[in-house]
Protein chains: 2
Amino acid sequence: MRTVTIADVAKHAGVAVSTVSYVLSGKRAISATTRQRVLDSVRVLGYHPNAGARALASKRAKVIALVLPLRAGMNLPVLMQFATSVVTTARQYDHDVLLMTADEGTEGLHRVAASALVDGLLLMDVEIHDPRVPLLRKLAEPAVLIGFPADPEGLTCVDLDFARAGALCADHLADLGHREIALLGAPRVVYERGTGFAERTMAGFVEAARRHGIEADARPCEESFDEVQAAVKLLLDERPGLSGLVVHNEAAAGHVLGALRILGRRVPEDVSVVAICPDDIAERASPALTSVLIPAEDVGRQAVRLLMAKLDGQAVPESTLLEPRLTIRESSR
Amino acid sequence: MRTVTIADVAKHAGVAVSTVSYVLSGKRAISATTRQRVLDSVRVLGYHPNAGARALASKRAKVIALVLPLRAGMNLPVLMQFATSVVTTARQYDHDVLLMTADEGTEGLHRVAASALVDGLLLMDVEIHDPRVPLLRKLAEPAVLIGFPADPEGLTCVDLDFARAGALCADHLADLGHREIALLGAPRVVYERGTGFAERTMAGFVEAARRHGIEADARPCEESFDEVQAAVKLLLDERPGLSGLVVHNEAAAGHVLGALRILGRRVPEDVSVVAICPDDIAERASPALTSVLIPAEDVGRQAVRLLMAKLDGQAVPESTLLEPRLTIRESSR
DNA sequence: CCTTCGCGTCGAAGCGCTTCGATGACCTGC
DNA sequence: GCAGGTCATCGAAGCGCTTCGACGCGAAGG
């Protein structure tokens, strides 16, 4: 069966091709009766506009690019959640999502933009000195970044407010009366890459602790059980009075609990633990972890909304920070 | 700056538009000198063919759809690996990847196919009685499935040979001399959905154990630490002689080790543990887990290759099973 | 020497859609 | 009763590319 074109619909409905187009796009007034007739024909014939033709004629592909990183130290579940939310939200705006990996690099972005394959770009995991940023500034296509480069001037960036997240953890522990706390962060490589969010969390944490006038310590943390255990042991040896621990490392969160158990520290009686991680991981742990949620879904949704606004030619804020939320569970007291 | 079209290239190179097209597609012989002149112009002008126009004229979008599930019990890291490998491989064939979620359902597949947005489909996590299969049989666009529906007749399916994976674990434990073994599988909901791979693993495991004449037990397993611990305890109580444990549940693998530790069983001295999971998880555990790798990358690559072959009109096998590979680490002896 | 052939190139016809300007038909108000 | 305006619809001109048939030219064949 030959594929149905707009001409078939027009003939079936007894109207001009352009009329069908206007019914479908709503860009000109069409009488109710005609509209209905056209819509019926569309349904009867099972018409779907040809995407290529539409893109060619309208200069809008109705597709956005989602550029995902795939490197060490990335936090896969959060990435997936994020991707899911982007796709779902984009569909609500009648757009599709083209998936790209970050290692296509600047050239890849240029390719999809120049070929008009996509109307806009969504980049995840932007680094402080991201080589793609200069290109984005030049590109005609609008872009939204997840994460913040050193200079967000002229860009549109969204992210969880990681400084607030770090601070929230410190606040929580301070409020509970802890006087010596520490943060176990992402693997060292993440900091070396200058990914920003990890540093901002640490900074927020340390600053909040200072404000409360309590002792705080923050260091990177690798992800294998043995390394986590070693790190926890070292920390506890160095700081015997330590009673509050923040873990900003999804893969390590479970291991930290295991390590404390082995080291004979009870949670939360001896040590309170707060994690920065998705809820499902926190809930699956034992004891269930008090945690600050990384709202991947919100970030994805916001990012798409901003991009759609830019596609509509609306002005949008350069920077959007999402408020973190602390959920108290069993691991802190 | 106006975007560069093929006409600009043609003028710059002093040839006809069609000549430029033939140089770029290689579908007709072009003299070396002309070819070079055109190629130079392309480079100088920074020409990128317009995707929509190309798709319209050639009836090939050079885009494939990747349909990912996003439901409970899915194993995110493996999914990401898979997606990455699909994108990378597709790019090698000069194709892009449109990301869709499974909950767009049959209708979504129909939409992208009918609108010629994509040339082919890649579906992950196909269920035994998948409602999308009938549509795929009708569709003009070729499709490749990851996983097997009840009747793969007329389809193209790829997957890890999970029965072999289960058997491999049983073989390994039997070879080590264990006489009573058990498998902890995916959460119950996964079996209820009829996802196939979970059942096939169990079946392969049980069958291999039977062949070795040893006792085997297989049951679902939830993913929270407490439930894992309860399940392990129950198993150990019921089967005091149990000395070999297979875990086919990525989220639970770490928890199983923690539970055994708490229950006072040493790994591997008292109980040998084998996991079916990605290598990074196995390596990060303590002790490092002997594991059967889920070769997400291979599956993705194979799937794209098969799809590309179908797009070229080549015949491909209905079913492709990938051989699992066992890596011996510290958790079994 | 003329025909035949193949090679390299060109021009033009679409592909299916959007959008602009034009055209009637019909109303409004003076 | 007619100028002016509105509303609904139409026709046609592209959008940028691929592809088909045609054509000119030099080499090969008789």
Side-chain angles (χ1 to χ4, degrees), chain A residues 1-39 41-42 45-63 94 111-117 119 140, chain B residues 1-39 41-42 45-63 94 111-117 119 140:
Chain A
M1 95 207 181
R2 215 179 95 279
T3 85
V4 184
T5 75
I6 197 173
D8 299 328
V9 176
K11 200 181 307 166
H12 187 272
V15 298
V17 162
S18 50
T19 302
V20 176
S21 177
Y22 285 124
V23 166
L24 262 20
S25 71
K27 293 194 178 175
R28 278 199 188 176
I30 296 288
S31 70
T33 61
T34 305
R35 177 205 304 314
Q36 197 50 58
R37 204 141 32 87
V38 169
L39 257 20
S41 299
V42 165
L45 300 178
Y47 169 67
H48 285 260
N50 178 296
R54 184 212 282 277
L56 179 58
S58 71
K59 311 203 158 310
R60 294 299 222 90
K62 295 219 178 200
V63 176
D94 198 21
R111 179 180 63 85
V112 295
S115 66
L117 233 190
D119 303 324
Chain B
M1 99 208 182
R2 217 181 92 281
T3 85
V4 184
T5 74
I6 196 173
D8 300 327
V9 175
K11 199 181 308 167
H12 187 272
V15 299
V17 162
S18 50
T19 302
V20 176
S21 177
Y22 285 124
V23 166
L24 262 21
S25 70
K27 292 194 180 176
R28 278 199 187 174
I30 297 287
S31 70
T33 62
T34 305
R35 177 205 307 311
Q36 197 51 56
R37 203 141 33 86
V38 169
L39 256 21
S41 299
V42 165
L45 300 179
Y47 169 67
H48 285 260
N50 178 295
R54 186 212 280 279
L56 181 58
S58 71
K59 312 203 158 306
R60 294 299 222 93
K62 294 215 178 205
V63 176
D94 197 22
R111 181 180 63 84
V112 295
S115 67
L117 233 190
D119 303 326

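Just so we're on the same page: letters track the sequence lines, and every chain starts at 1.
A salt bridge (Lys or Arg N to Asp or Glu O under 4.0 Å) check over residues 20-36 of chain B, counting only residues at least two apart or in different chains, returns nothing. Listed by first and then second residue, the side-chain hydrogen bond (donor to acceptor under 3.5 Å, both in side chains) pairs involving residues 46-63 of chain B are Lys62(B)-Asp94(B) (not counting sequence neighbours).
Partners of Thr34(A) by side chain to side chain donor-acceptor pair (under 3.5 Å), not counting sequence neighbours, listed by chain and number: Ser31(A). Taking Ala55(A) as the reference, Ala61(A) meet the side-chain contact (heavy atoms from CB on, under 4.5 Å) condition, with sequence neighbours excluded. Shown here are the salt bridge (Lys or Arg N to Asp or Glu O under 4.0 Å) partners of Arg111(B), two or more places apart in sequence or in another chain: Asp96(A), Glu104(B).
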Query raised in the report: Quick one: what's the B/S/- string for nucleotides 17-24 of chain C, heavy-atom cutoff under 4.0 Å, read 5' to 3'?
Result: BBBBBB--
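The distance from atom CZ of Arg60(B) to atom P of dC15(C) is 19 Å, rounded to the nearest whole Å. One interatomic measurement links the two molecules: CG of Leu117(B) to P of dG16(C), which rounds to 16 Å at whole-angstrom precision. One atom, NZ of Lys11(A), and another, P of dG16(C), lie 12 Å apart when rounded to the nearest Å. Atom CZ in Arg37(A) sits roughly 8 Å away from atom P in dT9(D) (whole-Å rounding). Here the P atom of nucleotide dG16(C) and the CG atom of Asp8(A) are 9 Å apart, to the nearest Å. One interatomic measurement links the two molecules: CG of Leu56(B) to C1' of dG14(D), which rounds to 12 Å at whole-angstrom precision.
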Please list each protein N or O that sits under 3.5 Å from an N or O in nucleotides 4-6 of chain D, with the distance.
none

Expected list for residues 6-19 of chain B: side-chain donor-acceptor pairs under 3.5 angstrom, two or more places apart:
from, atom 1, to, atom 2, distance (Å)
Asp8(B), OD2, Arg2(B), NH2, 3.4
Asp8(B), OD2, Thr5(B), N, 2.9
His12(B), ND1, Ser41(B), OG, 2.7

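Of the residues Val23(A), Val38(A), Leu24(A), Val20(A), the one that meets the side chain to side chain contact (heavy atoms under 4.5 Å, CB included) test with Ile30(A) is Val23(A).
Defining each end axis of the helix from dC1(C)-dG30(D) to dC30(C)-dG1(D) as the rotation carrying four pairs' C1' atoms onto the next four, with five pairs an end, the two axes are found to diverge by 40° to 10 degrees.
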